[in-house]
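Quick note on labels: first sequence line is chain A, next is B, and so on, each numbered from 1.
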2 protein chains.
Amino acid sequence: MSKDRAGSAEFLGLRDIAAHAGVSHMTVSRVIRRPETVAEPTRQRVLAAIEALGYVPNLAARDLVRGSSSFVCMVVSSLQNVFFAATVEGLVRGLDPLGLQVMLGDAGFSAEREARLVRGFVARRPAGVVLMGTDHAPETVRLLSRSRAPVVETWDLTRAPIGACVGFDNVAVGRLAARHFRAIGARRAVVLGRSTPRNRKRIAGFLAEAKEVGLAHARHVELADGHALRVGREALAGLLDQAADDRPDALFFVSDTLAIGALLEATRRGVAVPQEVAILGFGDHPLGPELTPSLSTITAPLEEMGHEAARLIAGALAGEDIRGRVFDLGLSLIARESTARAG
Amino acid sequence: MSKDRAGSAEFLGLRDIAAHAGVSHMTVSRVIRRPETVAEPTRQRVLAAIEALGYVPNLAARDLVRGSSSFVCMVVSSLQNVFFAATVEGLVRGLDPLGLQVMLGDAGFSAEREARLVRGFVARRPAGVVLMGTDHAPETVRLLSRSRAPVVETWDLTRAPIGACVGFDNVAVGRLAARHFRAIGARRAVVLGRSTPRNRKRIAGFLAEAKEVGLAHARHVELADGHALRVGREALAGLLDQAADDRPDALFFVSDTLAIGALLEATRRGVAVPQEVAILGFGDHPLGPELTPSLSTITAPLEEMGHEAARLIAGALAGEDIRGRVFDLGLSLIARESTARAG
DNA sequence: TTGAAAGCGCTAACAA
DNA sequence: TTGTTAGCGCTTTCAA
């Protein structure tokens, strides 16, 4: 239980450096924050002292005075998901040149957990908060509305963002998929995914568009939670085991990972893709173009989304009012072999 | 540049709650930290005030007094890498029940960038610091040694850790691969990977063991930086284009992502795996078992590593001296189809 | 069980 | 250009 251990030096403060350099602590503070306001010889002496003593400022004190910190908090739905990781990376890279760091929380697709994380974040007076999705617990919204931190929601669009919103239209994702299936002449189109808030939009969009363009037999297959590759694989297996006359000929998975699982299973079973069944995913997984057949997919600029969130937060920090701004980053359909003329 | 905006309430302090509840601010502070030390009726009144006013404490002030914060900083080599993500997830999950959050930095495989991140982290007086790897800039080591925060290095082992170390033996990874190739009767074994510090160990281990077990023609092929799937694919293509008598029959890639790229390329080219060439990776990528042929791999408990790091930091926070502790979490070889009796 | 006083290490405002 | 003073919102210590 020994707390004082040899070798673990205590932290020095501004005043220690000041004493060593023969100036006041304010001069040291200035050298750190606005060196151009300090005379050259003085500055040199202070810098030498900082170097000699290995001084590292305590940002908690600065944060306390300023009432806000220099990091941005982000809640992700899952850290293991490569698609989310791309957005996180975009944010981290966009914030780095501004000297802002990122504090990450993993909500595991639970709005309650998200609220807990946000509460912890708000207690740190973050310079900004980035969320995934636009469906949040009332407490999350309340906490963030009261906080002064700029908030950016991502991965979806909403008419009433908490702060700003940079995302894409998940209903349009589903519609785009259905239109694509229509274009390749699919008869029995299916959308497969677990009913999370975002997925629900993709599913609804798919079913609505399918109806409108005359894909009469379109339906939704609910998927279980779990490891996406296996879930996708099992989903395909389940569909193939159905009576032949009810067998779908076009599958839209709400995520590429699911689609890849299905594609691999189809290959294994000798089911021809896209001839017997077309497969479409979402997210443009790096593996998609490498597979045989290559995977068609719908995607949004995932990394760019994080980058744009960083830009918005930077703007807010510079005094802009970003509230109410909603950016639709758009979608693209990448048609590869897995949906090449199914019918 | 307007700073005061309608609707964005200022934060309340302990004293505002105290005034509302008719107690001193100290009582409010106690209700938050040690409610059992406050009389029931008083506590109820205070809790009601907290609730009514939507009070969220300012942790920067607490951190300042205590000289240490309640988050753990982690530097990862890359956020997009699923293998690293597993360790991050383990850390986040292990820390969550302790009320500790994780601040992430992406070093992008640069020791300099790592040092910059660590400097920023140390300035926040973190409750702990987790690093990937055991090769760091001298400045990183200096900063962390002076800081009081417990440090845990991961993903490798070292005799002289900065604090504690939870990892696996990267030299043993290479040795295990070479032994496996020997066991399946490989003749011309190759290890492929970019020479990062960790990879260098795997490569050296592979070459050393290969020599010892009589794999005379073992050699290393340097890989470029870039998207791993493509790099792996191109590496395989390059080897196959070589004169047939120099063609390797067993490939150990330092990462599964590379190996998957190679495996897919082999399939595409009609090269039989493992008959013509055996392929082995590292990391147990979720896709490995789903491929045809399924991918053999060597792996360490990646998520467990993060979990163990969390446990060590928790121990340190409870007063344990964790410095000098080194844990080897061990390796396992998962032999699947891609290395089934090559020779 | 509660409160008063002191101060954590910084920054903002003002003075010299 | 540099220094002095007064806190930021908490927690620690000590007193009541």
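OP1 or OP2 of C:dT2 has at least one side-chain nitrogen or oxygen of B:Thr42 nearer than 4.0 Å. Dashed line: the shortest gap from a side-chain N or O of A:Arg33 to OP1 or OP2 of C:dC10 is not under 4.0 Å. Between B:Ser29 and D:dT11 there is a side-chain polar atom (N or O) within less than 4.0 angstrom of OP1 or OP2. The side chain of B:Tyr55 places no N or O atom within less than 4.0 Å of a non-bridging phosphate oxygen (OP1 or OP2) of D:dG9. Neither OP1 nor OP2 of C:dT1 sits under 4.0 Å from any side-chain N or O of B:Thr27. Contact between the side-chain N/O atoms of A:Arg66 and the OP1/OP2 oxygens of D:dC8 is not found at any separation under 4.0 Å.
One can place CG of B:Leu59 at 15 Å from C1' of C:dC8, the figure rounded to the nearest angstrom. The CG atom of B:Leu64 sits 4 Å away from the C1' atom of C:dC8 (whole-angstrom rounding). The CD-P distance, from A:Gln44 to D:dT2, rounds to 12 Å in whole Å. A straight line from CZ of B:Arg45 to P of C:dT1 spans 15 Å, rounded to a whole angstrom. In this structure, the CG atom of B:Asn58 is 17 Å from the P atom of C:dC10, given to the nearest Å.
Closest non-hydrogen pair, A:Ala21 versus A:Arg45, comes out as O-NH1, 2.7 Å.
A distance of 9.5 Å separates CD of B:Glu114 from CZ of B:Phe121, quoted to the nearest 0.5 Å.
Checked by distance alone, A:His25 brings a side-chain donor or acceptor within 3.5 Å of a matching partner on the base of C:dT11. Residue A:Arg125 places no side-chain atom within donor-acceptor reach of the base of D:dG9, judged by atom type and a 3.5 Å distance cut-off alone.
Comparing A:Val23 and A:Arg15, the nucleotide of DNA chain D nearest to each residue sits closer to the 5' end for A:Val23.
Counting heavy atoms from C-beta outward, A:Val118 and A:Leu144 have side chains that approach closer than 4.5 Å.
Under a cutoff of 6.0 Å and an axis angle of 45°, B:Arg148 and A:Phe11 do not form a cation-pi pair.
Taking every side-chain heavy atom of A:Arg30 into account, C:dC14 is the closest of D:dT12, C:dT11, C:dC14.
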